[in-house]
Structures are given as C-alpha cells and as structure tokens.
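Read through the structure below, which is laid out as structure tokens, and then see the notes.
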Amino acid sequence: MTTASADDSSLSQGQPNILLIVADDLGFSDLGCYGGEIETPELDRLANAGTRLTRFYTTGRCCPSRASLLTGQYPHRVGVGHKVEDLRRPGYRGRIPDGTATIADELQSSGYRCFHSGKWHLGTPDPTKHGFEEFYGTLISAQTFWDPDHYLRLPQGRQAIQYPEGKFYGTDAVTDHALQFLENSQTTPDSPWFLYVAYHAPHFPLHAREEEIVKYADTYSVGWDKIREERLARMKKLGIVDQNTQLTPRSQYWNYGETHTGFNPEWNTLSSERRQDLARRMAIYAAMIDRVDQNVGRILDALEAENQFDDTLIIFLSDNGACAEWDPHGFDGKSSPNNVLHVGQQLDEMGGPGTYHSVGSGWANASNSPWRLYKHYNHEGGISSPCIIHWPIGPVPKGVISHQPAHLIDVLPTTVEAAQAERSEGASGPGENLCPLLNSDGVVDRSLFFEHEGNRAVHSGEWKLVALRDEAWELYNIRSDRTELTDLAAEYPERVAKLAGEWNKWAAENLVTPLPEDYEVQYLRQPGQPAPQLQTE
C-alpha cells in the first residue's frame, strides 16, 4: 500500500464539517476512478485528491448497510439483519430500536447541526427522532424518480421545494434540499454541520433524463463481456486491483422465487432485439450515475463558495454491490418475474415517467467487475463498495489508493473522532477510526463478519471463508485470489473449522443465529421447496 503520513500542521484545529454521501446499488467499478466508462469527473477529482479504498466492505443489502453505517454496529445487533419487515427475532425486527445512537445523535451532542436528504430505510418513521433536525426523501426505497409526492419533508410542517410541472427529478431534488440545509447551516457559522446525502440512484426503477441517456446510447451495444474486459484493464492501470487479477467467469444468477438458476449468457448469443433492450437498460443506469456525479459537483461547488471545502471531511460509498434482480433480462413493472422485451419506439420510451425497469444480472455482473456475484450475496461482488475519503486539511492521505480492509462499522468512529467527540456508551462498537488505519504502514489484519439471507462470510487477515445459503463453506486466500476462483477448503480443513468457529461465535453474539427459516419474501425459495434447477441457455 502507498501511504502518506499527516504531520500536526495538517490536522484540523477545530471540528470539521462532515459530508457523507451514499449511492444505492452502485457497482464496485462503475465510477471512472474505479475503472468504469461512466463519466464521473466530480467523484474522480475527490478520489485523485483523497484516498480511494479498494477493500471497503458493506453488508450486501440496502437497509442492513444503512443500519450498520449510521450506528457503527453489525446490522443484526440493531435489529436490521434482513429488511424492514419484522421476522419476530431479535436480529430481524426490521427497525433500529428506540434510543439506538446514530452518527447524528453523537455529533449533535457535540454541537453539530445534522441534516439528512435522501433514503432513510431503517424501519422507523421519522429520521428527525434520530439526531437529524431536517429531513427530505423517502423512508424506504424510491419507487419513482418523477413524482414529488413520493418524497417526504420532516419535521411535520416543513415545506418541501415546489417544482414546475415536468421539472421534478428525484436525484436533483435530494440535492436541492441538501443545498437548502447547507444554506440553513450558514445561519449558525460557529456550529459545524453533518450532512448525510443518500441518493436513491442507481437503484431501480431505471429512471433518467433523456439528455443523460443519449450520452450512453451506443456505449453498451458492445455487451457485458467486452465491458468487463475493458474495466478490468483500466482497473489494473489505475492500481485498483493487482496486475495478476483474473476476470471471473460470468456469474450465476437465481430467478425470482428461485425456481431455477443459471449463468449469465455470452452477449453474442442473445438476439439482436434482446441486445438492444439490454443496452438501453444499461444506458439508463449509467445516466443515473452520471446525474449523481453532477449533483455531487453542485454540493462541492457550494462548499467552495462558502470556503468550507478544505475543512470538510467527505466520505462517499455505496450501500452494496450492483443489483442482479432477478436474471439476465431484468424485470419490468415491479420487482417480479415479469420482463418486457422492448423494440422499436418502445426503446426510446424506456427510463421515462410511467416506466419501471431493472438492469438485470448480466449488467450487474459487469458493474461489479471483476468480482463474483452481486447484492444479497457475501462473495466480493455483493459486499465490495467503492469508497472515497477526502479531507484536505485533515489526516487523510492525499492522492492515495489504499488496500486496507475497512467496513461500514468504521464510519461512525471515524466521523465521531474527527469531530473530537467521545463516543457515548450506546455508540461503542466493533469499528475503527479509518484515519489512523489509512496512515498505517502495511496492511492491517482484521476480522470482519457478514450474513444476509443465509449467505455468510468471515474475512480474517489474508483469508476469507464464504458460503451461499444452505451450501458448504468455501475458502479463499483473499490477497492472492480476491476474485474467489480457487477454493482451498478441502486443502485447509483446519483453517475452515477455525474460521467457521469464529463466525459462529460472532453470529451468536450479534443476534444473527438461529437464522430465520422463512424470510417471508416471494423472491426466495420457501421452506420445503427443492433447490433451484440449473437452467441452460
């Protein structure tokens, strides 16, 4: 790892402002600074002047990741081990318990003004009861980017920004309100602020403005096989991955309901009509990310205009890997097995008001290049996130790519300690302050744990033990084989037993086990149903 030390003169003398930006279902290699072809100049400039982490881990799913991010705990520990539905087990209640300390609670007690714009998704009905004085966004996933009535302004009585007919777009609106909150913060210049901006993009439904979509209209006609190869080549050139990194085979997928499973097909085996439909889906997805980047630029411009850019700790990440739901063709109308093959004029209408699409498993596989699998799973494609940390006058290395292992549980201690605050007893957790970690000599060995829907993993030093639901443990040397191609479980049974024992101990202590038999969702195989049958294309 390349390191850069920070001497005393580079440290902030006061409490920094803190900007936390989270994208939704953004793949590991979607950003330009991580090897992607999507135009992201604003995030790229943060990365080039700050630290890019290559081994930053999430929980593999939206709501557990947000619970972990904001509380500094593993998600089951605060009741959000699955979704926001109550499975009637302590680790799976579907909401963080009343009184759970969040980053906002901790910072507010240290004099910070705290604001949230975007996606909440912690199972509770009012973010302003959790340390935030202002909120705009959705309490769950966005179901449209076009309808302002889908978005909520809190506390009660606050007026959301009004938009002329046809001018509303969710990503822009989240930023508009974030900027309004920043303007509000200027009325108390002696008080630092914490702004949490949680964009809904590029989570489905695939909605984007036509001016962005046309930028990528021809980009994805080459197909996901070519895009994966090109991304890996750029990642090697950038230093995101080792030069000896191999591209994984096209990943497996499981359909809605898990009645069958298969592998993403070779692009050139698809019909011309199917390729056009899929290329349009990915163009919309790319357009959504492009628009997020433009909106990040608006916030950065506002900070520079107020002379606050240099002393603002900025953290950008995704809540999990790209989303495969549910097969190579994607779905339409709602999350379901329904797919529409769009042809002719229908292609031009995709992504606009009144539409609802997902990108599918083939493109999600490309977004997570070069890793295996996707959101929901604990293989690298599901839990690996881009993460950029930028703080010009703080102890964050400048222009560095860091291979230190890190996790969402680290964000709370990082922000609270940057604010020179003491963590309350309720906010003590397993995470570490990332600033000293990023300035460490050599890669630090850590043990990190994962579980979602029975998929499970433990990352310990150079080893990773990982398994799919109901299947045997796989063992990988993550430093030499992060693409998880060579399973060493049979060769090192004692190591498997040791790591499995560590996972079992963690799971018992963090309310993970016993695992639910029924997650009460239609997209998973129900108890008693046979394993999905392999489908050949």
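Computed from heavy atoms alone, side chains included, the values below leave out hydrogens, waters and symmetry copies.
Residue Phe115 forms a ring pair (Phe, Tyr, Trp, His ring centres under 6.0 Å) with just one option from Tyr136, Phe135, Phe181, and that option is Phe181. Tested against Trp326, the residues Phe204, Tyr253, Tyr374, Tyr256 include a single ring pair (Phe, Tyr, Trp, His ring centres under 6.0 Å) partner, Tyr256. The one candidate from Tyr151, Tyr169, Phe168 that meets the ring pair (Phe, Tyr, Trp, His ring centres under 6.0 Å) condition with Trp146 is Tyr169.
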Could you walk me through whether Tyr356 and Thr144 pass side chain to side chain contact (heavy atoms under 4.5 Å, CB included), step by step?
CA-CA 8 Å; Tyr356 200 108; Thr144 176; over 6 Å; no
Start with the C-alpha gap between Glu133 and Arg113, add the side-chain angles, then the distance that decides, and say whether salt bridge (charged side-chain N to carboxylate O under 4.0 Å, His left out) holds.
CA-CA 7 Å; Glu133 62 178 91; Arg113 300 188 64 190; 2.8 Å; yes
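A salt bridge is defined here as a Lys NZ or Arg NE, NH1 or NH2 lying under 4.0 Å from an Asp or Glu carboxylate O, and Arg298 with Asp176 meets this definition. Between Arg61 and Asp319 there is no salt bridge, since no side-chain N of the basic residue sits under 4.0 Å from a carboxylate O of the acidic one. Salt bridge annotation for Glu210-Arg280: present, with a cationic side-chain nitrogen under 4.0 angstrom from a carboxylate oxygen. Under the 4.0 Å criterion applied to side-chain N and carboxylate O atoms, Arg231 and Glu37 are assigned as salt-bridge partners.
Atom NE2 of residue His207 and atom CZ of residue Phe145 lie 8.0 Å apart, to the nearest 0.5 angstrom. Taking CD1 of Ile314 as the start and CD1 of Ile388 as the end, the distance is 10.0 Å to the nearest 0.5 Å.
Looking at residues two or more places apart in sequence or on another chain, you find no salt bridge (Lys or Arg N to Asp or Glu O under 4.0 Å) involving Arg52. Applying the salt bridge (Lys or Arg N to Asp or Glu O under 4.0 Å) rule to Lys119 yields the partners Asp24; only residues at least two apart in sequence or on another chain are considered. By the side chain to side chain donor-acceptor pair (under 3.5 Å) test, Asp147 is found to be paired with no residue, residues two or more places apart in sequence or in another chain being considered.
No side-chain donor from either of Gln143 and His150 sits under 3.5 Å from a side-chain acceptor of the other. Counting only N and O atoms by type, the side chains of Arg55 and Ser402 include no donor and acceptor under 3.5 Å apart.
Remark: side-chain polar atoms of Asp327 are paired, donor with acceptor, to backbone N or O of Gly330 under 3.5 angstrom. Judged by distance alone, with hydrogens and angles left aside, the side-chain atoms of Asn455 form a donor-acceptor pair with the main-chain N or O of His452 at under 3.5 Å. Under the 3.5 Å distance criterion, the side-chain polar atoms of Asp25 are left unmatched by any main-chain donor or acceptor of Cys323.
For CD of Glu349, the number of neighbouring non-hydrogen atoms (other residues, nucleotides, ligands) closer than 6.0 Å is greater than 12.
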